[in-house]
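Here is the structure we will look at, set down as structure tokens.
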Amino acid sequence: MSAPYYITTAIHYPNGRPHIGHAYEMVAADVIARFQRQAGRDVLFQTGTDEHGLKMAQAARARGLPTREFADEMSAWFSQMADRFDISYDRFIRTVDTDHYAASQAIWQAMVDAGDLYLDRYEGWYSVRDEAFYDEKELVEGEGGAKLSPQGTPVEWTAEETWFFRLSRYQQPLLDLYAAEPDFIRPESRRNEIMRFVEGGLSDLSVSRTSFDWGVPVPGSPGHVMYVWVDALTNYLTGTGYPDTSGEKARFWPADLHLIGKDIVRFHAVYWPAFLLSAKLPLPRSIFGHGFLLSRGEKMSKSVGNVVDPMDLADAFGVDALRYFFLREVSFGQDGSYSPEAIVTRVNAELANSFGNLAQRTLSFIAKNLAGTLPEAGRADEADAVLIEEVVVACAGLKAAFGDLMLSQGIEAWMRGVYACNQYIDAQAPWALRKTDPERMHAVLGTLVRAIRMLAIAILPVVPSGAGRILDVLGADARDHAAVDDDGWYARQTAAGYRIDAPTPAFPRLEMPVEDAS
């Protein structure tokens, strides 16, 4: 059995409809999961929704709905978005799932057994929007002297009986972890932020609430439900069958990658490893905090009126185009910006005009002029071998960069192979060779088909629909999709007399959406 690889997104809080940031994170995780499957890894990919906590209860009350009914409705929007964006998840987890309750209560009991939970009274600042507690020293001043969280969200003074987790006990173990495992938190800017935070001292953490009941009940403590982050973080264990360590999915823990937004790195890089250390469970291998996707450089806000429904974007531009744009335009780990103009410009220049047009005119030429039959070897030239080598290097560049989560740089490397192919086809001009040197034309077309196949396989994790259609036209089956090098595929296809049908464009040019005048 191949080596397991477990990747997760954050589970998204469904007190509102999905926004573009949710789609961006899911797509990035999906590309990594598909890339690892191509590499032969046994992948488990989990996403889902985080449905407990005061914020959900309040949102349900505002709608006049029972909380579970509201959670069902809102979670469905996220699963529909995942399906719309071709997200190849293995499990869409919900924190209302029965096995998740069992996992949350099991890790709670393990922390009790470690002596890390105690009952006391909490008095302090709490942000309902962040579902987070903050020390006085972390607060910032808002308009009129109002106290705000570091995220700029309102906080309220809370006083209630609560269970506490001895987070202070884990300050030095966490610092030792960060020093010993420099890739535990990525990128480096996030690692540095977390190290400074932990070095500043850790207070024990309130981990239960009694002021509402929408959550996982604390075992043996009537009236208490778990603080939403204990419950939410445990979802990553739930997906592997915890607390059953002998089950079919247990081999996937520890997770290889938790992919999350930069605003929740603290919960994943401080609280989560501390909980796991307390429960004597292995730690995830890496936590990557990606940046935000901004609308024309501005953070999305309902008051500004720049919040865009990702489903509307998918309808306007197509899923492959958006997936490509997200990962090509934004340096992974940093903030990035999008606009309709930027999407159209980037996708047309690279995906439609460069790669899509290359495939379309090559395969259409073969379908029209060779009755769809892939050409035999023909008369080779040094330029053919040079091109194949350039494409191999470009695809290897993508593979190396993707393996290091440098997604934009990987696509940039891939584009060098695409540009090399376009220079080659313009220089060789097979349409002219058809009359002057058919033998040479055959070699040129065969070289291009081999190159297009390799490029389509390499980019398949990013644009699975369009690249998959190109590979289907070429008769490259699922086994071939895993191989970027030629591995004798072309010789087998020509020997079998394989014929291609006239293709339809895999990556049509985009047009700017027409503004709604209403």
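Any value given below was found using the heavy atoms of this structure, including those in side chains, with hydrogens, waters and symmetry copies removed. Residue numbers start at 1 and run along the sequence shown.
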Quick one: OH on Tyr338 to OH on Tyr24, what's the gap to the nearest 0.5 Å?
13.0 Å

What closest approach, in Å, do Ala321 and Val347 show between heavy atoms, and which atom pair accounts for it?
O-CG2, 3.5 Å

On the 0 to 90° scale, with breaks at 30° and 60°, tag the His258-Trp272 ring pair as parallel, tilted or perpendicular.
tilted

Just by modelled atom types, is the Pro66 backbone N or O under 3.5 Å from a matching donor or acceptor in the Glu69 side chain?
no

Geometric cation-pi criterion Lys399 and Phe35, 6.0 Å radius, 45° cone
no

May I ask you to check whether Trp253 and Tyr236 place their ring centres under 6.0 Å from each other?
no

Glu181 atom CD: more than 12 heavy-atom contacts under 6.0 Å
no

Evaluate the side chain to side chain contact (heavy atoms under 4.5 Å, CB included) criterion for residues Val462 and Phe402: first the C-alpha distance (whole Å), next the side-chain angles of each, then the deciding distance (0.1 Å), finally the verdict.
CA-CA 11 Å; Val462 180; Phe402 274 26; 3.8 Å; yes

Would you say CH2 of Trp77 has more than 12 non-hydrogen atoms from neighbouring residues, nucleotides or ligands within 6.0 angstrom?
no

Under 3.5 Å, side chain of His100 to main-chain N/O of Asp231, donor-acceptor pair present?
yes

Verify the distance criterion only: is there a donor paired with an acceptor across the side chains of Gln46 and Asn235 at less than 3.5 Å?
yes

Any side-chain heavy-atom pair of Phe325 and Asp320 under 4.5 Å
no

Of all pairs that satisfy salt bridge (Lys or Arg N to Asp or Glu O under 4.0 Å), the ones with a partner from residues 164-178, not counting sequence neighbours:
Asp116-Arg169

Could you check whether Phe288 and Phe332 have their ring centres less than 6.0 Å apart?
yes

Taking the six-membered ring of Phe85, is the NZ or CZ of Arg323 close enough (under 6.0 Å from the centre) and on axis enough (within 45°)?
no

Enclosure of Lys249 NZ (heavy-atom neighbours >12, cutoff 6.0 Å)
no

Interatomic distance, CG@Asp42 vs CZ@Phe252, rounded to 0.5 Å, equals 4.0 Å

Here the gap from Phe92 atom CZ to Ile87 atom CD1, rounded to the nearest 0.5 Å, amounts to 11.0 Å

Do Tyr13 and His52 have ring centres separated by under 6.0 Å?
no

So which atom in Thr238 and which in Ala103 form the shortest heavy-atom distance, rounded to 0.1 Å?
OG1-CB, 3.3 Å

Evaluate the side chain to side chain contact (heavy atoms under 4.5 Å, CB included) criterion for residues Leu455 and Ile459: first the C-alpha distance (whole Å), next the side-chain angles of each, then the deciding distance (0.1 Å), finally the verdict.
CA-CA 6 Å; Leu455 290 167; Ile459 205 66; over 6 Å; no

About how many Å separate NE2 of His12 and OG1 of Thr49, when rounded to the nearest 0.5 Å?
9.0 Å

Charged N-O contact under 4.0 Å between Asp86 and Arg34
no

Tyr89 and its side chain to side chain donor-acceptor pair (under 3.5 Å) partner, picked from Asp83, Asp30, Thr9, Thr47
Asp83

Between the main-chain N or O of Leu474 and the side-chain N or O of Gln493, is there a donor-acceptor pair closer than 3.5 Å?
yes

So, Asp335 and Lys262, do they make that salt bridge, N to O below 4.0 Å?
yes

Between the main-chain N or O of Leu237 and the side-chain N or O of Thr240, is there a donor-acceptor pair closer than 3.5 Å?
yes

The ring pair (Phe, Tyr, Trp, His ring centres under 6.0 Å) partner of Phe165 among Tyr227, Trp229, Tyr170, Trp108 is Tyr170

Assess whether side-chain hydrogen bond (donor to acceptor under 3.5 Å, both in side chains) is satisfied between Tyr324 and Glu329, documenting all intermediate values.
CA-CA 8 Å; Tyr324 185 87; Glu329 186 79 6; over 6 Å; no

Output yes when a side-chain donor or acceptor of Thr162 lies under 3.5 Å from a complementary backbone atom of Ser208, and no otherwise.
yes

Of all the heavy-atom pairs spanning Gln409 and Ala401, show the shortest one and how long it is.
C-CB, 4.2 Å

Is there side-chain contact between Leu283 and Leu277, with at least one heavy-atom pair below 4.5 Å?
yes

Kindly indicate whether the side chain of Ser203, heavy atoms from C-beta on, has any atom under 4.5 Å from the side chain of Leu167.
no

Heavy atoms, side chains only, cut-off 4.5 Å: are Val270 and Ile194 in contact?
yes

For Phe70 and Ala60, the nearest pair of non-hydrogen atoms, with its separation, is CB-CB, 3.7 Å

Side chains of Pro14 and Met56 in contact at under 4.5 Å (non-hydrogen atoms):
yes

Go through it in stages, so that I can follow the logic: the residues are Lys280 and Asp113, the test is salt bridge (charged side-chain N to carboxylate O under 4.0 Å, His left out), and I'd like the CA-CA distance, side-chain angles, deciding distance and then a yes or no.
CA-CA 10 Å; Lys280 299 177 176 54; Asp113 295 344; over 6 Å; no

Of all heavy-atom pairs linking Glu51 and Ala71, the shortest is OE1-CB, 3.3 Å

Determine whether Leu471 and Arg453 satisfy the following criterion, side chain to side chain contact (heavy atoms under 4.5 Å, CB included), listing intermediate values before the conclusion.
CA-CA 7 Å; Leu471 291 167; Arg453 172 183 169 271; 4.0 Å; yes

Would you check if Val155 and Tyr134 make a side-chain contact, meaning some heavy-atom pair closer than 4.5 Å?
yes

Around atom CD of Glu73, are there more than 12 heavy atoms of other residues, nucleotides or ligands at under 6.0 Å?
yes

First locate atom CG of Asp204, then atom CG of Asp120, and finally report the distance between them rounded to the nearest 0.5 Å.
9.5 Å

CG of Asp213: more than 12 outside heavy atoms within 6.0 angstrom?
no

Electrostatic pair Asp183:Arg285 at N-O distance under 4.0 angstrom
no

Can you see which heavy atom on Pro461 is nearest to which on Val31, and at what distance?
O-CG2, 3.4 Å

Given side chain to side chain contact (heavy atoms under 4.5 Å, CB included), test Arg209 with His224 step by step and report yes or no.
CA-CA 6 Å; Arg209 304 298 304 274; His224 286 259; over 6 Å; no

Drop me the distance from Thr8's OG1 to Ile260's CD1, to the nearest 0.5 angstrom.
8.5 Å

Kindly determine whether Tyr242 and Asp99 satisfy side-chain hydrogen bond (donor to acceptor under 3.5 Å, both in side chains), including the steps that lead there.
CA-CA 9 Å; Tyr242 178 81; Asp99 61 341; over 6 Å; no

Check whether the side chains of Ser221 and Trp163 place a donor and an acceptor atom closer than 3.5 Å, and report yes or no.
yes

Report yes if some heavy atom in the side chain of Phe164 is under 4.5 Å from a heavy atom in the side chain of Leu117; otherwise report no.
no

Using a strict cut-off of less than 4.0 Å between a Lys/Arg side-chain nitrogen and an Asp/Glu carboxylate oxygen, indicate whether Arg121 and Glu161 qualify as a salt bridge.
no

Does NZ or CZ of Arg450 fall inside the cone over Trp489's six-membered ring, less than 6.0 Å from its centre and within 45° of the axis?
no

Are a donor atom and an acceptor atom from the side chains of Trp125 and Glu156 found within less than 3.5 Å of each other?
no

So, do Val308 and Ile20 sit near enough that their side-chain heavy atoms are less than 4.5 Å apart?
no

